[in-house]
Number of protein chains: 2
Amino acid sequence: MRSDRHTVVPAPPNAANNSTGRRERNKEVKQARIFAAAAELFAEHGYAAVTTQQIAERADVANGTLFRYASTKAELLLMVCNDDFRRNLDRGRRNVSAPDAAAAAPVPRILTLVTPLIVAGRRSDANTAAYQREIMFGEPTERYRAEALVLVAELQLAIAGILAAARPSTSTSTSTSDSTLAARAVSNVLHLELARATLAETPPTVFLTELTAQIELITRGYLAAGQ
Amino acid sequence: MRSDRHTVVPAPPNAANNSTGRRERNKEVKQARIFAAAAELFAEHGYAAVTTQQIAERADVANGTLFRYASTKAELLLMVCNDDFRRNLDRGRRNVSAPDAAAAAPVPRILTLVTPLIVAGRRSDANTAAYQREIMFGEPTERYRAEALVLVAELQLAIAGILAAARPSTSTSTSTSDSTLAARAVSNVLHLELARATLAETPPTVFLTELTAQIELITRGYLAAGQ
DNA sequence: ACTCATTACTGAGTATAGTCCGAAATGTAG
DNA sequence: CTACATTTCGGACTATACTCAGTAATGAGT
């Protein structure tokens, strides 16, 4: 690393780095390696079957270092899965606002919104349940748990938007809080049914039927209140 | 001190159990000691802060013996909490069928049914969330987890009964499955909101307001479908 | 009562998530 | 460069849920 020539003119250390210091870059690179290692191993063997040692090894960092980037094994899972969640949430929102979907009835619109989430959830069986568990029951103060909660809140907001749009605005101020409430109920049902289905290996068709029925129920209740 | 009666141990099919051999009695006595020890320690320090060693010590059995009576620390919690759940579910059912409550509107009736569960849940803060977590995400094959699921199913049945009674029987066979579905939605919401409230230490009034509103929503949706 | 098969108990042992403090690397000033 | 400050790293260490192979207790057959 270091040139030990004795003929003077060593380059000043701090001038070369235009963007960030070595430290910053090292951290970023390690963060990326840890993320990749965790993502690969979880996908390959499932959350429970992977040890933090394995992740550290594949990321080529010491065991202790791992916990400087994610304070907990569960946080590693949240870190990895949040990315998918965010991506699928974005896809869902885009699909909902597509021209043909934008005019549809509220229940199909909600289903359009959550379909990417469900599909991804059903694909990675074992990890989805663990992810849901950590979202619901993890330490609220941890970083990636907090991020996950933000995503859940965004999902609820999107659902509330669909519901509110479906009800001819009656101009009452309660309308907003009602849609928020209904969205929360839908979100509750979605999370629990998704977790249950992946754990019990419910066939997708059955799962979808039950989920749809419950969403219809809640939507009906919401719309009925508007009169 | 908690429950002293060990209503657990469903006695092997061998019917003459009351005065069976020493072995059987020894097991029962140990089971009772373990139950009591776990109940006391969980109540006193909270699930997470108690080690299986402590439980074994207080129950005066070896560490390994503990796991012959409950295959997991989580199973110990389920074992203990199931008793309370069952007791409170019974109280709720009794209250609902009391003369004055029997004629009330469905939402108040449902609230009457679940109030004992909620009150108990709010009392033992930390353990309630852990209990809900294990009910939803525990190994489905474990004994006390299975018992808990039966209780949840009974709760849903009770809710479905209230709902069905509130809708003037339209004689269609779909009525039953509708009420089951709505009951499931209510149960989903109840479990998640209860867990969330205990974790976030939401004040009881706020929690009750939100829970009630969601139950009203679902009930309205259920009744609206009957037309 | 003696033998033997079966069941229950035990506690040292194992695996692994998470901690801690000294070491190393990086940046800063004279 | 040398000295010092601050941040990051590392891996031996700890705590604890759970296991397992050996041991003891029980009860049935004779």
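Proteins get letters first, then strands, A, B, ... in listed order; numbering begins at 1 in each.
When distances run from any side-chain atom of B/Thr72 to the nucleotides C/dA8, D/dC18, C/dA17, the shortest one goes to D/dC18. For A/Ala62, taking side-chain heavy atoms from C-beta onward, the closest of the listed nucleotides C/dC9, D/dG10, C/dG11 is D/dG10. Of the candidates D/dA17, C/dT10, C/dT19, the closest approach to any side-chain atom of A/Phe67 belongs to C/dT19.
Both B/Arg22 and B/Lys73 lie close to DNA chain D; mapped to their nearest nucleotides by heavy-atom distance, the more 5′-ward contact belongs to B/Lys73. DNA chain D is contacted by both A/Asn63 and B/Thr51; A/Asn63 maps to the nucleotide lying nearer its 5′ end (nearest heavy atom per residue).
Using a 4.0 Å cut-off, no side-chain N or O of A/Tyr69 falls inside it from OP1 or OP2 of D/dT8. Side-chain N/O atoms of B/Lys30 include none lying less than 4.0 angstrom from OP1 or OP2 on C/dA8. At the phosphate of C/dT26, OP1 or OP2 sits under 4.0 Å from a side-chain N or O atom of A/Asn26. Contact check, A/Thr52 against C/dA17: a side-chain N or O comes under 4.0 Å of OP1 or OP2.
Salt-bridge formation is detected for the pair B/Arg184/A/Glu193: a Lys NZ or Arg NE/NH1/NH2 atom is positioned less than 4.0 Å from an Asp or Glu carboxylate oxygen. A salt bridge links B/Asp90 with B/Arg93: at least one charged nitrogen is closer than 4.0 Å to a carboxylate oxygen.
Atom CZ of B/Arg68 and atom C1' of D/dT23 are 13 Å apart (whole Å). Here D/dA12 presents its P atom at 16 Å from CG of A/Leu66, a figure rounded to the nearest Å.
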Problem set entry | Test side-chain hydrogen bond (donor to acceptor under 3.5 Å, both in side chains) applied to A/Tyr131 and A/Asn82, step by step | CA-CA 9 Å; A/Tyr131 183 49; A/Asn82 280 350; 2.5 Å; yes

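Across all strands shown, A/Thr65 has heavy atoms under 4.0 Å from base atoms, whether or not it also approaches the sugar-phosphate. When heavy atoms are screened at a 4.0 angstrom cut-off, B/Arg23 is found touching base atoms of the nucleic acid.
Of all non-hydrogen atoms in A/Thr52 and A/Phe67, the two that sit nearest each other are CG2-CZ, 3.9 Å.
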